[in-house]
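Okay, structure first, notes after.
Every number for a ligand or one of its atoms is a count from 1 in the order of the listing. Along the sequence shown, residues carry numbers from 1.
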Amino acid sequence: MTRISFLGAAGTVTGSKYLVETEAARVLVDCGLFQGVKALRERNWSPPAVAPADLDAVLLTHAHIDHTGYVPRLCAEGYRGRVHCTSGTEDLLQILLPDAGHLEEEAARLASRHSAERKHTALPLFTADQARSSLEQLVAHDFEHEFSPAPGLVARFSRAGHILGSACLILQTESESIIFSGDVGRPNDPIMRPPEALPAAEYLLIESTYGDRRHPEAPASETLEQVVLETAERGGTILIPSFAVGRAQHILHLLAELRHEGRIPDIPVFLDSPMSINATEIFCRHKDDHRLSESQCHSMCKVAHYTRTASESKALARRSGPMIIISASGMASGGRILHHLRRCLPDPRHVVLFVGFQAAGTRGRSLLDGADEVKIHGQYVPVRARVTEIPALSAHADYAELLDWLRMSNIAPRRTFVTHGEAAAADALRRRLRDHLGWDAVVPEDGSSWTLDSRHERS
Ligand SMILES: [Zn+2]
């Protein structure tokens, strides 16, 4: 008998954490941070639902912080076991987790300064040092290679095509097989290889980020070309808030292709995010994970000037003429993108171009929803620049792509849990699984536990 508890990414897209308990073992699948609105972020401070020292293993589907960012805290709170992942994920975490710790420390410093008169010291959730020491617990596995993370369990990672190293986890307990989809990529992504068909399993957890949406048919490159042409003519900046891993490389690749084909003018491109720069280098080291040839990788790396230091980043504001700046964070919640937004938003010559999912409660979402001002570093900044997005660039399959992928898999699960989606998206996918595939699908409540056996007892 196996029990599964939904400790995050239930009714929301962040904080992925699934606790799997059998008679012999207790493991955590994904160990993510909650992101977005304050009420969600505060949940990162709740005591863990299971004592970290009582866990036998942690398994990670991919490197994104909403799937991994709680690892340093878990280790700081006493988890001493292994953290299993693919080697692409391991490489990316070497840069992502220390950076997350660094951001935590910075946020705590700022909060302490603002409340200095109240004599309140804000603490980081974890420090960069704690993040670095948690990396020692990582163990990398090849795709499709079986390993036993804990007594009575056999696990293997299968390619998910979402970002470098991303995987679906196939977990076999003594009595059941369970598949955790992680985040699922798209069948025709220009960079990532498509998700592998799933094997048979009794239970499936499937993400539903785009459970209620289809991505537009128009290729991302056309939208990007148009935005670049229009903005360059006005002498404006194209500001692209981008996730360091995945989206940034995708944009660089598209820009390299557009420039190569002579479809956009030769305006300077700046990759203004040390993490994206490092991620791009890692990307080119993991050739099996993506579709790009050696020479495409080379052009992708050469299309942008890299600005590594903070002073180089600030100096971009003094440049005149059209340019493209790719910077983090992807949802405009922190990082260097903020000082570029302060400069660009009040001026109608510029464009802010979003290229990834914007979670509820983030600055990115309110900009896309048409906010006429946003608060940055404690000040209200008017929005006069054009704000737009390239939805076709998503790294997540839409509902039709998910259904196609499941149809060509052998899986036929006894029950499917729809997770990692905002309420409407999760419910829409649940209904589609029922109507199109005839599957028994549920959207588990946040914090609920389910016993996996033929009777589906819920406790
Ligand atoms: Zn992801």
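Looking at residues two or more places apart in sequence or on another chain, you find a salt bridge (Lys or Arg N to Asp or Glu O under 4.0 Å) between Glu401 and Arg186. When the salt bridge (Lys or Arg N to Asp or Glu O under 4.0 Å) test is applied to Glu106, no partner is found at least two apart in sequence or on another chain. By the salt bridge (Lys or Arg N to Asp or Glu O under 4.0 Å) test, Asp99 is found to be paired with no residue, residues two or more places apart in sequence or in another chain being considered.
Screening Gln137, Glu90, His141 for a side chain to side chain donor-acceptor pair (under 3.5 Å) involving His84 leaves a single residue, His141.
Ion pairing between Arg432 and Asp427 fails under the 4.0 Å rule for side-chain N and carboxylate O.
At a cut-off of 3.5 Å, with distance as the only test, a side-chain donor of His67 or Asp30 sits close to an acceptor on the other residue.
At a cut-off of 2.8 Å, measuring from the Zn ion (ligand 1), the protein N, O or S atoms that fall short of it are His62 NE2, His64 ND1, His162 NE2, Asp183 OD2, waters left aside.
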